[in-house]
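Have a look at the structure below before the remarks.
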Number of protein chains: 2
Amino acid sequence: MSRIEDVAQAAGVSIATVSRALRGLPMVSAGTRQRVLLAAAELQYVASPTASSLASGRTMVVGVVVPYVTRWYFAHLIAGASEVLRRHGYHVLLFDVGGEGPERPMLLESRALFRRVDGVLVLSLRMQATERELLSNLGVPVVTVGVPGNGWTCVRIDDVAAATRATEHLVRLGHRDIAFLGGEPADGGDFPTPADRERGFVTTMRRHGLDVDPAWMLSTDWTAAGGLAAASRLLRGGRRPTAVVACSDELAIGVLAAARSLGLRVPQDLSVTGIDDHDMAAVHGLTTVAQPVNQQGRLAARIMLHEVAGKEARGSSAGDAGDAGDAVDAGDAVAGAAPGSPNQDGVVEVDSELVLRSSTAPPAVP
Amino acid sequence: MSRIEDVAQAAGVSIATVSRALRGLPMVSAGTRQRVLLAAAELQYVASPTASSLASGRTMVVGVVVPYVTRWYFAHLIAGASEVLRRHGYHVLLFDVGGEGPERPMLLESRALFRRVDGVLVLSLRMQATERELLSNLGVPVVTVGVPGNGWTCVRIDDVAAATRATEHLVRLGHRDIAFLGGEPADGGDFPTPADRERGFVTTMRRHGLDVDPAWMLSTDWTAAGGLAAASRLLRGGRRPTAVVACSDELAIGVLAAARSLGLRVPQDLSVTGIDDHDMAAVHGLTTVAQPVNQQGRLAARIMLHEVAGKEARGSSAGDAGDAGDAVDAGDAVAGAAPGSPNQDGVVEVDSELVLRSSTAPPAVP
DNA sequence: CTGAAAGCGCTTACAG
DNA sequence: CTGAAAGCGCTTACAG
């Protein structure tokens with residue numbers, strides 16, 4: 001466990017020079033740098049991150065906050081963000097708050113994040129007002145996936161458009177009796193996805209002059225089991241829809257299972273669409289609206305890196321928390337073009353696209 | 001962003017006393033503690049983790065290394081470990097190395113982990129010898145799930161027993177023509193799961209005097225898509241097995257899809273078993289050998305905490321890396337009974353159990 | 001029970 | 001281009 005002083009001694013220079021040489025700063029002669037590098041390698045020296053952080057004020061750590069690690073969507077966001085962050089020398093501090101709603105057991109607290117990270121990535125998490133405030137007061141950039149507002153940059157798909165695509169597809173195939181299976185109570189809070197997808201469905205139906213039967217508007221948790229249960233109820237009813245727009249592939253896979261167990265053939269007796277393009281969607285032949293989840297994670301991470309760099313360049317000295325509020329703009333001005341281009345609300349939208357498989361077909365002629 | 005000195009001033013005591021009072025150390029009078037707590041609350045003081053770490057030598061961070069975050073098994077391990085760690089005040093530094101094999105792109109390097117964590121959790125990762133050595137030289141406890149050896153404590157199920165359970169079940173139902181779908185080339189390296197499961201299958205078949213047809217021993221990556229592809233080949237063959245033992249539920253779900261697409265009924269024409277009890281297993285009616293994945297993550301984390309505590313109590317002073325080699329034993333001696341009881345190889349085994357659903361039945365009478 | 005002081009191992013102006 | 005020194009914000013013996 002050699003310290004910087006050991007390296008300095010071995011190389012015959014001061015610790016300041018070692019520090020500069022090892023971090024690749026200019027203002028070090030080639031010869032000196034060479035000697036320092038050699039000495040460091042021989043001593044297997046690695047700078048103490050804790051000491052560097054204390055002295056420099058940056059941690060090289062980004063906090064990643066998620067409601068779940070175990071769900072497909074979140075795992076893929078994490079993977080995407082993590083890869084970009086690691087590639088740029090940043091570490092990932094994972095906060096799994098273990099639940100969706102704002103009244104979940106584990107809340108964000110300042111002792112967890114404060115001075116521990118250079119930035120925070122919030123992934124599709126519905127938060128309490130106090131949590132949002134806490135994040136804003138942290139003094140570091142915050143970037144989200146799926147949570148617009150609060151002055152933070154947000155990466156997301158157009159959820160209205162995604163649901164519209166699925167619905168349009170079914171309508172064009174000739175379906176008129178279409179049910180909707182939503183992901184959860186669309187409470188319209190700071191996480192607009194459920195409400196947006198519902199709106200996309202309803203608006204599209206109305207535009208085509210089709211009825212939206214309240215009894216066919218279902219919602220459940222975002223799981224295949226939930227989809228199975230809800231669809232079983234729906235499909236056992238006397239009058240049956242000929243198609244179901246499910247708000248996620250996991251829900252859709254539940255619908256497929258329900259259909260199978262009731263002896264309904266897909267797509268002959270029932271068409272089903274999902275949203276996501278889950279790993280298992282192809283195996284189930286599921287027609288779905290694919291969204292680039294990994295890419296959204298990567299993009300959010302890149303924007304984060306950009307904002308951190310911008311904040312740094314703006315010249316907060318160590319210990320000065322700076323102001324995260326305008327990190328986006330400042331970042332743009334200081335460190336080149338931002339990746340993706342946020343609109344005036346700070347939202348960067350990525351595209352979703354319909355993927356045709358075997359779970360959809362024209363309705364049977366009655 | 002108040003510092004400890006602000007609190008000291010406000011409370012009219014020294015910074016040493018603030019430090020003690022806030023951390024709940026004894027040797028602080030009730031009145032003083034009261035005043036300090038009040039002052040700290042008013043100033044919204046939170047100690048700088050970076051400064052604490054530098055001074056104390058502990059980071060309150062545990063590194064969690066995984067080949068993937070996106071797969072069911074790993075996500076659930078992470079979730080379990082993370083919850084225990086967080087509940088005990090530890091943070092989770094996530095290292096997604098992005099691949100299974102020892103020749104994956106992202107290797108563990110000392111600059112990533114060195115002095116950055118108080119311990120490392122390695123989750124079912126096949127490593128290079130240099131990586132294992134690196135971890136051992138880190139000077140902090142290492143606990144694994146699924147990777148025995150190296151002097152580290154390892155949590156796992158008995159994979160031989162798991163595969164045996166599935167095979168026994170099918171044999172008892174009367175199957176004699178059983179195929180095996182393994183997870184990957186069983187290379188017998190430091191990650192014994194694939195080879196163990198294969199052994200459980202083969203041994204059980206032989207014990208019952210049943211043939212193991214090499215053409216029916218398949219393997220692929222651990223995905224449903226891989227299972228679908230492999231099973232499609234298998235089931236199109238002239239002579240068909242009446243049952244398939246798949247090494248994971250995702251593989252098994254792929255087999256189910258293959259059967260469906262070939263018009264084979266499950267379980268009438270083909271019985272299928274998995275291993276895991278994946279979230280989607282129930283929805284697919286899959287008979288499987290359930291393993292408690294979340295619990296393995298939790299257990300590994302608890303053992304880790306225990307070893308960290310033991311190491312601490314053994315009295316390494318700040319900066320002294322201590323010796324992780326005997327952390328297990330020392331932990332036991334110092335900090336009470338260890339959670340779970342490692343055998344002489346340092347392995348803690350948790351139980352798996354057969355879960356009967358609708359994907360298995362006696363073979364059709366020819 | 002409390003405080004003064006050393007020290008953790010770096011980075012960063014400031015001089016030169 | 002290089003070094004001496006201050007400082008980052010805590011914790012921890014050591015005295016008292």
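Computed over heavy atoms, backbone and side chain alike; hydrogens, waters and symmetry mates excluded.
The nearest whole Å value for the distance from the CZ atom in A/Arg111 to the C1' atom in D/dG9 is 17 Å. Summarising the geometry, the separation between CD1 on B/Ile15 and P on C/dA6 is reported as 13 Å, rounded to the nearest angstrom. Nucleotide D/dT2 holds its P atom 18 Å from the CD atom of A/Gln9, rounded to whole Å. Going from atom CD1 of A/Ile4 over to atom P of C/dC8 covers 14 Å, rounded to whole Å. When the C1' atom of D/dA5 is taken as reference, atom CD of A/Glu5 falls 13 Å away, rounded to whole Å.
Between A/Val122 and A/Met127 the shortest side-chain heavy-atom distance falls below 4.5 Å.
For the atom pair CG of B/Leu77 and CD of B/Gln296, the computed distance is 6.5 Å after rounding to the nearest 0.5 Å. A/Leu299 CG to A/Asn294 CG: the interatomic distance, rounded to the nearest 0.5 Å, is 11.0 Å.
Residues from residues 20-27 of chain A that place a heavy atom under 4.0 Å from any atom of DNA chain C, listed by number: A/Arg20, A/Arg23.
Closest to the side chain of A/Leu54, from the set C/dG9, C/dG3, C/dT12, is C/dG9. The side chain of B/Ser19 sits closest to D/dT12 out of D/dT12, C/dG9, D/dT2. Considering only side-chain atoms of A/Arg3, the nucleotide from C/dG7, C/dG9, D/dT2 that sits closest is C/dG9.
Heavy atoms from other residues, nucleotides or ligands lying under 6.0 Å from CD of A/Glu109 number more than 12.
Listed pair A/Ser56 / C/dC10 fails the phosphate criterion, with no side-chain N or O lying under 4.0 Å from OP1 or OP2. Distances shown here put every side-chain N or O of B/Ser48 at or beyond 4.0 Å from the OP1 or OP2 atom of D/dC10. Taking only side-chain nitrogens and oxygens, A/Thr17 comes nearer than 4.0 Å to OP1 or OP2 of D/dG3. Considering only side-chain N and O atoms, A/Ser14 lies nowhere under 4.0 angstrom from the phosphate OP1 or OP2 of D/dT2. The phosphate of C/dC1 has neither OP1 nor OP2 within less than 4.0 Å of any side-chain N or O from B/Ser29. The phosphate of D/dT2 (OP1 or OP2) has a side-chain N or O of A/Thr32 nearer than 4.0 angstrom.
At a threshold of 4.0 angstrom between heavy atoms, the contacts of A/Arg58 are confined to the sugar-phosphate backbone, with no base atom among them.
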side-chain hydrogen bond (donor to acceptor under 3.5 Å, both in side chains) evaluation trace for B/Asp118 with B/Thr59
CA-CA 6 Å; B/Asp118 293 341; B/Thr59 62; 2.9 Å; yes
Do B/Glu307 and B/Thr153 pass the side-chain contact (heavy atoms from CB on, under 4.5 Å) test, and can you show the C-alpha distance, the side-chain angles, and the key distance before you say yes or no?
CA-CA 10 Å; B/Glu307 299 196 0; B/Thr153 307; 2.8 Å; yes
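Here the closest heavy-atom approach between residue B/Tyr68 and residue B/Phe74 is recorded as O-CB, 3.0 Å.
Base pairing analysis places C/dA13 opposite nothing; no Watson-Crick or G-U wobble pair with both distances below 3.5 Å involves it.
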